[in-house]
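Since the structure is predicted, the reported quantities are computational estimates derived from the model, not experimental observations. Numbers restart at 1 for each chain; the letters A, B, ... are given by sequence-line order, proteins then strands.
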There are 2 protein chains.
Amino acid sequence: MKTILKSKSQELVIDTEGPVVIIGESINPTRRKKLVETLSQHNFEFAIQLAKSQIDAGADVLDVNVGYPGVDDAALLPETVKAIQQEVDVPLCIDSPNPRAIESTLKVIDGKCLINSVNGEEKSLEAILPMAKEYDAAVIGLVMDDDGITHDPEKRLKIAEKILNRAVKLGIKEEDVVIDPLAMAVSADPNACLITLETIKLVHDKLGLNITQGASNISFGLPNREELNMAHMVLSIWNGLTCPIANPNKITTMIRAADLIRARDDFALRFTEHYYSMEAMKS
Amino acid sequence: MKTILKSKSQELVIDTEGPVVIIGESINPTRRKKLVETLSQHNFEFAIQLAKSQIDAGADVLDVNVGYPGVDDAALLPETVKAIQQEVDVPLCIDSPNPRAIESTLKVIDGKCLINSVNGEEKSLEAILPMAKEYDAAVIGLVMDDDGITHDPEKRLKIAEKILNRAVKLGIKEEDVVIDPLAMAVSADPNACLITLETIKLVHDKLGLNITQGASNISFGLPNREELNMAHMVLSIWNGLTCPIANPNKITTMIRAADLIRARDDFALRFTEHYYSMEAMKS
């Protein structure tokens, strides 16, 4: 299954049979005071700097989230996206819980973006899916619904199916639905990662869709978070994750390693190329 | 399936349903000039230091290999084992391609050790298995035979079955056979890791045995070897590896992460305990 995203002049394929595509997570105000400060002043230099450094580190797509307390992201998100797409030519993933922010951004964005996100709640399906259709965007479907977040992977699969069916009914192409299996903190629930990994496998095996995940929170409350996140990332990829939302500065090497191990990197070209480009940046 | 090893006074269980057991690889002269020098002088201080530091870093069992060009390991291996078991109380894994060295060591070793290794070659089966029976040792079975090393995971499984059947016929308990699926360099064969991982899964699913692996060579000839080895380790554990032979200083955190993700570490106790013991050693 191939999901095609586009920037102004570039096309990017997320392929369930291909190597992993990295969606850079760093343009997000959570724990980034400087981003909040600069964005509040409509100063996009720091956001653009985050965009460029993530691309250098291996990001193929950039998630853009400008949510912080008190923000009017229906105004700020499109403004930020316009500033970023003037400077970098990679597809964007527009990230907001506010449908008005998604819509105002869809109106100004170049190419074909990924919407982050819709979920199985009726309200969300009704607000987001028609926009994805109207503006020809791909969309991330979170496997939660009006009943909340289930612990049962089979039920998470059912929610993924529901989102997919609703999207297809509106004329959205199947390959333009990307599923997020939801990753919760393993410190809160010892089965949290197993539930996520099983959901990934089910969505991969039964629906064959591309799968994304923002998984840094699985290690919340624990030490050695980077290593724990790396282990979870590799196992998620093994089970069917194809386009994680992650910090490429920390995780690209492990992602390239997973692709090499899975024989999706001929002659270890991407693995070694990443090493040499990181070495070059050090010097 | 539970393989029980013993040192002088301790018992260790390698359990296919339990957390991973780490066999420390570092008492091995390959690329350790100082070990060759000290062992040649029958000075065991450095070997003992390697033993203790590996236990501190998370090793449950220690592999002991004294093979270097010109060595008489039938004399040196038992001597080294005697010196080590006077100082540390963990089970040992005696590692030599020389059946005479294995036998002379079995005569002096405390408890119940692991023999590294037998393989599917007729000569090896005939030399090693009777000793494992006579001295009540567990034994690692390498999935290669008189035809060499096959690329076909199903054929590797067949060799594992052959080793198991021959062992059981001699009265060795099924659980005392631990399989090594063989890990080769992915730079030489892009499918090398996939073949190993599939073999691990087959041996786990069909035979239910404990599985070991010395896998640092999968990254031979490539940069970022540590990360590549970590990714391969985590995937091997996911597929059924239960007692890797590895450098605990480099890999214990990832192994503990894999156990935590698989819900084999209640309350993240082992994961956090390892972190704090490493922090304590730093200060």
Side-chain angles (χ1 to χ4, degrees), chain A residues 20 183 185-198 201 215 218-239 250-279, chain B residues 20 183 185-198 201 215 218-239 250-279:
Chain A
V20 168
V186 72
S187 56
D189 173 3
N191 289 310
C193 291
L194 282 182
I195 293 167
T196 299
L197 292 167
E198 180 63 20
K201 191 167 161 44
I218 66 119
S219 59
F220 181 79
L222 290 168
N224 280 332
R225 291 189 64 172
E226 273 185 39
E227 288 88 344
L228 186 51
N229 287 344
M230 286 194 262
H232 182 76
M233 176 67 77
V234 169
L235 292 177
S236 297
I237 292 169
W238 181 258
N239 281 285
K250 295 191 174 167
I251 202 102
T252 302
T253 301
M254 287 306 270
I255 289 174
R256 295 284 190 271
D259 278 335
L260 178 56
I261 289 169
R262 299 187 305 154
R264 295 193 186 189
D265 181 7
D266 291 345
F267 308 104
L269 279 180
R270 285 162 58 89
F271 185 77
T272 49
E273 190 277 338
H274 176 66
Y275 169 78
Y276 288 113
S277 77
M278 289 299 97
E279 286 298 299
Chain B
V20 168
V186 71
S187 55
D189 174 4
N191 289 308
C193 291
L194 282 182
I195 293 167
T196 299
L197 293 167
E198 179 63 20
K201 191 167 160 47
I218 65 119
S219 59
F220 181 78
L222 290 167
N224 279 334
R225 292 190 63 173
E226 273 185 41
E227 288 87 345
L228 185 51
N229 287 345
M230 286 194 264
H232 182 75
M233 176 67 77
V234 169
L235 292 178
S236 297
I237 291 169
W238 181 258
N239 281 285
K250 294 189 176 170
I251 203 102
T252 301
T253 301
M254 288 305 271
I255 289 175
R256 295 283 190 274
D259 278 336
L260 177 56
I261 289 168
R262 297 187 305 156
R264 295 194 185 187
D265 180 8
D266 290 345
F267 308 105
L269 279 180
R270 286 163 57 89
F271 186 78
T272 49
E273 189 278 339
H274 176 68
Y275 169 77
Y276 288 114
S277 77
M278 290 299 97
E279 286 297 299

Trainee: Please classify the contact of B/T272 with chain A as side chain, backbone, both or neither, using a heavy-atom distance under 4.5 Å.
Mentor: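 Contact with chain A is through both the backbone and side chain of B/T272.
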Trainee: Side chain, backbone, both or neither: which part of B/N239 has a non-hydrogen atom closer than 4.5 Å to chain A?
Mentor: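 Answer is side chain: those atoms of B/N239 sit under 4.5 Å from chain A.
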Trainee: For a quick test of reading the model, state the closest non-hydrogen atom pair linking B/V234 to A/A231 and the distance between them.
Mentor: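 Taking every non-hydrogen atom into account, CG1-O, 3.8 Å.
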Trainee: Looking only at heavy atoms and a cut-off of under 4.5 Å, which of A/N191, A/T253, A/L235 has the most pairs with chain B?
Mentor: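 It is A/L235.
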Trainee: Would you give the length of the straight line joining atom CD of B/E227 to atom CG of A/L260, rounded to the nearest 0.5 angstrom?
Mentor: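 Here the interatomic distance stands at 12.5 Å.
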Trainee: Measure B/L197 against the heavy atoms of chain A and call it side chain, backbone, both or neither at under 4.5 Å.
Mentor: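 The side chain, not the backbone.
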Trainee: Select one option (side chain, backbone, both, neither) describing which atoms of B/L222 are under 4.5 Å from chain A's heavy atoms.
Mentor: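 When you check distances to chain A, only side chain atoms of B/L222 fall under 4.5 Å.
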Trainee: Which atom names give the shortest non-hydrogen contact between A/I261 and B/L194, and what distance separates them?
Mentor: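 Nearest pair, atom of A/I261 first, then B/L194: O-CG, 3.4 Å.
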Trainee: Check each atom of B/M230 against the heavy atoms of chain A and say whether the ones under 4.5 Å are side chain, backbone, both or neither.
Mentor: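 Looking at B/M230, backbone and side chain both touch chain A.
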Trainee: Name the option with the most non-hydrogen atom pairs under 4.5 Å to chain B; the candidates are A/S187, A/C193, A/A192.
Mentor: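 Between A/S187, A/C193, A/A192, the count favours A/C193.
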Trainee: In chain order, what residues pass the salt bridge (charged side-chain N to carboxylate O under 4.0 Å, His left out) check against A/E273, with sequence neighbours excluded?
Mentor: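 A/E273: no salt bridge (charged side-chain N to carboxylate O under 4.0 Å, His left out) contacts found.
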Trainee: Could you name each residue pair satisfying salt bridge (Lys or Arg N to Asp or Glu O under 4.0 Å) that touches residues 252-262 of chain A, not counting sequence neighbours?
Mentor: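 Residue pairs with at least one partner in residues 252-262 of chain A: A/D259-A/R262.
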Trainee: Once you round to the nearest 0.5 Å, how far does CG of A/N224 lie from OH of B/Y276?
Mentor: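 If we round to the nearest 0.5 Å, A/N224:CG and B/Y276:OH are 9.5 Å apart.
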Trainee: Measure across B/P223 and A/F271 and return the closest heavy-atom pair with its distance rounded to 0.1 Å.
Mentor: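 It is O-CE2, 3.1 Å.
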